[in-house]
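Right, one structure below, let's go through it.
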2 protein chains.
Amino acid sequence: MPSKNATIHDVATLSGVSIGTVSAVLNRKGTVSEGTRRRVLDAISELHYRPSAAARRRLQPTTAKSVGLIVKEVNNPYFADVIFGVQDAARELGYHVLVGHTERSYDLEQRLTELLVAKDVDGLIINPLLNEDTDLSHLFEIRWTNVPLVLIESIRGIQANMVDVDNVAAAMEAVDYLVGLGHRRIVHFGGPQYSGHSEERIEGVRRAFIAHRLVMGEDDVVHAGASLEDGYRAALGYFRDREGDRPTAITCYNDLVAIGVLRALRELGLRVPEDVSVVGFDDIDVASYLSVPLTTVRMPRREIGRRATQMLIGSVEAAGKVAPEKVVLETELVVRASTAPPA
Amino acid sequence: MPSKNATIHDVATLSGVSIGTVSAVLNRKGTVSEGTRRRVLDAISELHYRPSAAARRRLQPTTAKSVGLIVKEVNNPYFADVIFGVQDAARELGYHVLVGHTERSYDLEQRLTELLVAKDVDGLIINPLLNEDTDLSHLFEIRWTNVPLVLIESIRGIQANMVDVDNVAAAMEAVDYLVGLGHRRIVHFGGPQYSGHSEERIEGVRRAFIAHRLVMGEDDVVHAGASLEDGYRAALGYFRDREGDRPTAITCYNDLVAIGVLRALRELGLRVPEDVSVVGFDDIDVASYLSVPLTTVRMPRREIGRRATQMLIGSVEAAGKVAPEKVVLETELVVRASTAPPA
DNA sequence: GTGAAAGCGCTAACAA
DNA sequence: TTGTTAGCGCTTTCAC
């Protein structure tokens with residue numbers, strides 16, 4: 001049981017050969033006699049020796065190319081699709097993808113970034129967490145150290161490649177549609193604090209209200225969250241004390257929240273879309289599999305991943321400075337059965 | 001635009017200082033004069049120099065500890081929860097997690113394994129792909145090289161740590177339950193080829209049939225797949241030509257397939273559970289959010305991740321050989337509204 | 001403040 | 001078949 005990590009030297013010493021020989025058996029050169037090989041192998045086993053990948057790598061530039069991808073939540077099909085897109089494009093271009101999840105921890109975002117850089121990935125795609133006291137130092141650090149970077153959620157105050165959508169316009173479109181259907185009493189179930197997209201979507205709802213001369217009350221933006229349960233709880237709480245004065249339509253931060261809302265409405269005896277219309281965001285796969293298929297704003301999830309990857313690998317291979325670029329992808333309102341004119 | 005990757009030497013040469021000085025500015029020692037610092041920084045920028053993380057690492061063993069996790073599909077909430085469990089346990093123990101997805105590509109599994117080893121993770125958790133011509137060489141390679149390993153799907157013929165459940169028993173329990181309800185005509189919508197769990201679940205169904213003296217016809221195991229769409233398509237195809245002779249109950253490889261089946265049944269005008277009972281597998285979160293909440297076999301998803309991680313880090317820190325261990329976790333049949341006695 | 005030199009763990013000639 | 005040695009790109013003394 002070695003206290004310190006064994007090195008190739010320890011193995012050489014223990015097996016009574018030179019480090020060159022140990023290296024030879026490590027690399028399966030056929031040049032080692034079976035007897036020596038055995039002794040070396042035994043020593044390796046006894047010392048529980050692990051060749052240091054770091055040291056091996058340098059001379060052997062065979063190491064596969066790879067990009068790091070940092071996303072927010074593992075439990076959200078939205079990100080699953082983004083990841084899929086990244087992997088898809090990366091594979092086409094001959095790169096592997098290593099994924100890290102920050103799970104709302106800003107600290108984790110910093111450390112995962114450092115880790116991936118230390119692991120020598122060729123570039124990084126990050127979906128940054130956002131909040132008031134966001135410290136972008138790790139992102140600047142990255143730029144400083146010349147690691148190619150693409151952000152997949154816009155952030156102000158940093159020069160970097162970005163791929164994003166226009167959430168404000170997308171949310172406005174959703175509200176426009178509901179107003180067009182005749183709705184006047186619309187409530188928005190908003191996303192989490194750390195989400196820039198959530199902020200933008202709320203802003204879009206706000207602007208649509210103004211455009212249609214609707215008044216937005218205190219309670220018209222509910223702080224829900226990003227998960228099924230968040231939507232469910234928020235809706236249960238919201239409708240508990242609103243017997244008479246109900247909205248006729250609800251827009252949600254994302255589809256997960258919408259599905260949670262749907263469940264709450266069902267349990268409260270409210271029919272969708274007859275009593276209440278519901279609109280989601282993202283268009284995750286399951287949205288069209290519900291018994292009342294969900295009207296939602298489709299995010300080009302895979303395309304976001306693909307484009308980000310292409311930009312990233314582009315600047316990896318340019319090997320020189322490339323001016324940061326911002327790509328804005330299209331969203332699309334997908335109308336299904338969860339919306340209808342108010343009764 | 002340098003053709004070759006610049007090294008610290010190039011930076012030193014261009015800025016007219018020694019490599020020691022460059023190293024000092026790289027590491028923010030306060031010992032460099034502002035003028036020199038500027039020149040070095042300029043050179044770094046001009047050469048687009050990236051310090052080689054590989055070379056840096058060796059002396060500076062500050063690198064955070066990390067484990068690699070290789071799973072099959074990104075688009076499956078089952079894995080999202082496993083990943084969550086891994087991350088959770090890893091964080092508690094002071095490790096980071098890097099995730100790779102193989103997306104049914106056996107080749108990718110091999111290469112991701114190599115990549116993660118090359119990146120010097122402290123240990124590896126793998127959910128291996130399975131099929132006839134599965135070549136386990138990368139797994140042996142890993143053992144050989146003394147990288148701690150935990151498998152989260154049982155595989156024969158390899159000595160390794162494993163965390164798994166008893167799928168055969170779990171599937172039997174599901175069928176037992178349906179038979180207890182009075183069902184005699186049960187069909188199983190099976191999973192993909194590459195899944196060991198799928199095989200085992202089919203085997204469980206088979207054994208339950210035998211135990212209850214039910215005959216299993218040719219068509220009673222439908223080859224569906226692992227996704228929403230797989231379930232949907234398979235069910236549509238299956239029921240198309242079976243107007244009269246319908247099963248009264250369906251068990252599915254997983255919840256995604258079950259949700260797909262549910263949609264197909266709805267579109268075919270069949271009611272659940274009145275006309276057909278449906279049982280899923282996994283108990284992903286959304287299962288209880290459906291308008292007809294899904295009866296399903298709960299997999300201890302997070303716990304699988306947690307236990308695997310604890311075993312892994314245990315053997316990482318034991319630093320010596322530890323005898324491989326196999327942990328079998330419990331499943332549980334969760335009865336909801338998608339099952340009922342046959343009409 | 002800066003440079004020279006040793007050494008990290010390993011691979012790859014090249015000798016022996 | 002095996003040992004010796006020169007690096008790989010970098011950090012870190014320790015002189016100057």
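A, B, ... follow the sequence lines: proteins, then strands. Residue 1 opens every chain.
Between the side chain of Lys119(A) and the backbone N or O of Lys119(B) there is at least one donor-acceptor pair closer than 3.5 Å. Side chain of Asn146(B) to backbone of Tyr49(A): a donor-acceptor contact under 3.5 angstrom is found.
Comparing atom distances between the Ile19(A) side chain and each of dT2(D), dT5(D), dG9(D) picks out dT5(D) as nearest. Residue Thr36(A) has its side chain nearest to dT2(D) when only dT11(C), dT2(C), dT2(D) are considered. Taking only side-chain atoms of Val17(B), from C-beta outward, the nucleotide of dG3(C), dC10(D), dG3(D) with the closest atom is dG3(C). Of the candidates dC10(D), dT1(D), dC10(C), dC10(D) carries the atom nearest the Tyr49(B) side chain, counting heavy atoms from C-beta on.
Residue Thr7(A) is classed as a sugar-phosphate contact, given heavy-atom separations below 4.0 Å to backbone atoms only. As judged by a 4.0 angstrom heavy-atom cut-off over every strand, Ser23(A) is placed among the base-contacting residues. Backbone-only engagement by Ser33(B) is indicated by non-hydrogen atom pairs under 4.0 Å involving sugar-phosphate atoms exclusively.
Counting to the nearest Å, the P atom of dC8(C) and the CZ atom of Arg50(A) are 20 Å from each other. In this structure, the CG atom of Asp120(B) is 10 Å from the P atom of dC10(C), given to the nearest Å. Look at NE2 on His9(A): it is 9 Å from P on dC10(C), rounded to the nearest Å. Atom CZ of Arg39(A) and atom P of dT2(D) are 8 Å apart (whole Å). Summarising the geometry, the separation between CD1 on Ile8(B) and C1' on dC10(D) is reported as 6 Å, rounded to the nearest angstrom. Rounded to a whole Å, the NZ atom of Lys29(A) is 8 Å from the P atom of dA13(C). What separates CD1 of Ile44(B) from P of dG9(D) is a distance of 16 Å, to the nearest Å.
In terms of position along DNA chain D, the nucleotide closest to Ser18(A) lies nearer the 5' end than the nucleotide closest to the other residue of the pair Leu26(B) and Ser18(A).
Both tests pass for Arg302(B) against the ring of Phe84(B): distance under 6.0 Å to the centre and angle within 45° of the axis.
Of the options Val99(A), Val97(A), Val71(A), a side chain to side chain contact (heavy atoms under 4.5 Å, CB included) to Val86(A) is made by Val97(A) and by none of the others.
Considering only heavy atoms from C-beta on, Val40(A) comes within 4.5 Å of Val11(A) through its side chain.
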